[in-house]
Amino acid sequence: MGILISSIHRTSSLLTRLAFVGALLLAAACGRSAPPSGGAVVVDDVGDSVRLDHPARRIVSLAPASTELLFAIGAGTAVVGRTRWCDYPAAALDVPSVGDGIQPNVEAVAARHPDLVVLYHSAQNSGARQQFARLGIATVELALDRLEDFERSAHLLGTLTGHGADADTMLAAFQARLAAATQPTRPDAPTVLILVWDQPPMTIGHGSFLSEIVERAGARNLFGDLAASAGVISVEAVVNRRPDLVLVTSDSEPAFARRPEWQTVAAVRQRRFVRVSSSAFNRPSPRMPEAIRELTGRLRAAVR
Amino acid sequence: MKPAHLLLLLVAVLVSLTVGVVLGPVSLAPGELWDALKLGNATAGPIVRELRIPRALLAFVVGGGLAMTGTALQALVRNPLADPYLLGLSGGAGLGAVVAIAFGLGGSWSLPLLSFAGAIAALLLVYRLSLVQGRRLDPRVLILAGVIVSAFTGALMSAIMALSDAVALRNAFLWLLGGFSAASWPALGLFIAYALLPLALILGSARALDLLALGDESARHLGLDVGRTRLIIYFATGLLTAASVAVCGIIGFVGLVVPHAARRLLGPLHRPLLPAVFLGGGAFLVLADALARTVARPLELPVGVVTALVGVPLFALLLRRTLT
């Protein structure tokens with residue numbers, strides 16, 4: 001284990017250096033369009049370019065995933081505002097909350113005097129974005145929903161905060177841990193019903209974050225054929241597909257397990273539940289590899 | 001009711017129940033269906049016996065109850081726009097559901113139980129509000145009281161949703177949108193046992209509802225105890241609606257349009273009308289639920305979406321045919 005970690009460190013520091021050289025070359029190549037020293041221009045997830053004259057020093061982060069990411073790339077000290085849902089890392093809780101992240105309280109955010117507001121990508125946030133623009137506050141909109149968004153978001157926030165090198169270091173270590181945690185796909189992998197709500201029963205399909213975690217932990221999403229990010233399904237379809245396990249997002253045994261109509265599902269009748277409740281399971285974060293390892297262990301225990 | 005009409009309705013009921021059992025997200029061959037009915041077949045058996053049959057029957061009783069409730073309320077408040085949720089019950093039920101989720105009240109029945117309690121509370125509140133100046137259950141006051149109770153419970157719901165930390169709250173709306181995913185034999189048995197009394201009370205008031213339609217004065221001169229009739233109709237329809245919201249959320253349209261359609265076919269007299277809307281409303285909701293389960297399988301549509309999408313064109317057609 002010790003050898004593994006130190007080797008990851010070595011590779012990651014090498015990668016950092018490479019990335020740093022790359023960044024220098026890129027900056028040189030950009031020539032005139034590059035902003036004054038220390039500043040940054042990036043294109044965010046809705047295609048808007050965000051220009052900062054200096055690295056962001058007072059950031060209000062309006063999504064739990066972006067807050068966690070900012071802390072992970074060493075920009076935590078620059079975070080001066082967060083949502084009430086931002087619960088990780090523990091240091092984030094010391095930052096004042098400005099309330100909700102979708103349709104945020106613009107006045108409460110402005111009162112923190114931010115030089116950058118990180119918004120979650122949502123149509124409901126377009127009004128707030130315009131208001132921040134009128135107040136002269138720079139905003140960046142991130143669609144950080146899945147694993148595939150993670151790297152891009154980390155680079156983006158790294159550039160905007162002047163922690164680009166830290167972001168590269170974090171990502172290199174992250175990729176190595178992720179690769180190590182990911183289980184190979186086996187034909188006899190257990191099928192898992194991911195039940196995000198039970199009245200009415202709702203699941204999530206292929207490509208959603210939790211579905212990806214489940215697949216990487218060595219299981220198959222029972223409704224992996226659905227493209228929808230979330231949908232109401234019928235119990236009958238569940239019976240027919242015969243899940244090996246049911247994954248629920250609660251701490252305790254779910255109450256629906258005792259409802260009569262659910263007794264038609266063998267995995268429910270035999271109480272083969274896998275419970276996940278940590279926030280590592282509901283947002284992309286550097287904790288993903290640990291979440292995958294944890295889930296792998298629970299899946300094995302539940303199948304047995 | 002003419003024998004021809006009755007026969008037509010009974011055929012509709014039989015067809016709808018058959019469709020409700022035969023159609024589903026899982027395609028079953030006729031042989032499998034037959035095995036399932038004869039207590040065989042490992043997969044199809046539970047699907048048909050534990051899921052489809054109780055679900056079709058529950059949709060039937062609820063649909064019939066909603067249609068009868070709508071018919072009676074339209075007569076009670078003398079307003080063609082009346083539907084089972086006119087009197088603020090949906091708001092009370094919604095508030096109950098939101099409270100159950102926001103405060104994390106566990107238990108597999110807490111969501112339906114609390115919406116039932118919320119609907120009953122709204123029923124009592126509207127009743128109390130309608131007692132102004134001795135005008136007991138005056139139709140105009142009733143409608144206004146229903147509107148303000150709806151507005152108030154809506155505001156309370158929004159306040160809880162804005163302040164609560166429960167992420168699951170948005171799902172409260174999904175639940176309220178209506179559906180029979182929680183149907184089971186115990187739920188069906190409970191609903192029928194409960195619904196028998198209100199259904200009987202409404203059926204028994206058929207003649208009184210005819211008289212109410214003539215206006216309070218005329219009804220009184222013809223010997224009707226107007227106050228007592230109103231009280232019976234009000235509480236019978238309210239109790240029935242509260243229970244249907246608790247088992248399947250809010251399903252619009254059945255209670256509004258089935259009564260009008262039936263009146264166009266059978267005339268305004270309630271003695272033939274009430275049993276007819278029960279059978280027709282039941283058959284309609286069973287078919288709507290069968291569609292809701294199958295059109296996007298394995299996803300399910302809220303059944304209220306289907307009742308409106310199918311019911312509106314049908315009703316428009318009927319309106320045209322009977323007016324020309």
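It should be emphasised that the depicted structure is a prediction, and the values quoted were computed from it without experimental measurement.
At a 4.5 Å heavy-atom cutoff, the contact between B/A183 and chain A is made by backbone atoms alone. For B/L163, the part lying under 4.5 angstrom from a heavy atom of chain A is the backbone only. Heavy atoms closer than 4.5 Å to chain A are found nowhere in B/R297, neither backbone nor side chain.
Heavy-atom contacts from other residues, nucleotides or ligands closer than 6.0 Å to CZ of B/F152 number 12 or fewer. Within a 6.0 Å radius of CZ in A/R242, other residues, nucleotides and ligands contribute 12 heavy atoms or fewer. No more than 12 heavy-atom neighbours from other residues, nucleotides or ligands sit within 6.0 angstrom of CD on A/E107.
The minimum heavy-atom distance linking B/A182 with A/E261 is given by the pair CA-OE2, 3.4 Å.
The CZ atom of A/R259 lies 8.0 Å from the OG atom of B/S181; values are rounded to the nearest 0.5 Å.
If you tally non-hydrogen atom pairs under 4.5 Å between each of A/V238, A/N240, A/N282 and chain B, the highest count goes to A/N240. Options A/A237, A/G99, A/A257 differ in how many heavy-atom pairs under 4.5 Å they form with chain B, and the most are formed by A/A237.
The shortest side-chain heavy-atom distance between A/E236 and B/R293 falls under the 4.5 Å cut-off. Contact of the A/I233 side chain with the B/L299 side chain is registered, since non-hydrogen atoms from C-beta on lie closer than 4.5 Å. Under the 4.5 Å side-chain criterion, counting only non-hydrogen atoms from C-beta, A/R241 is in contact with B/P298.
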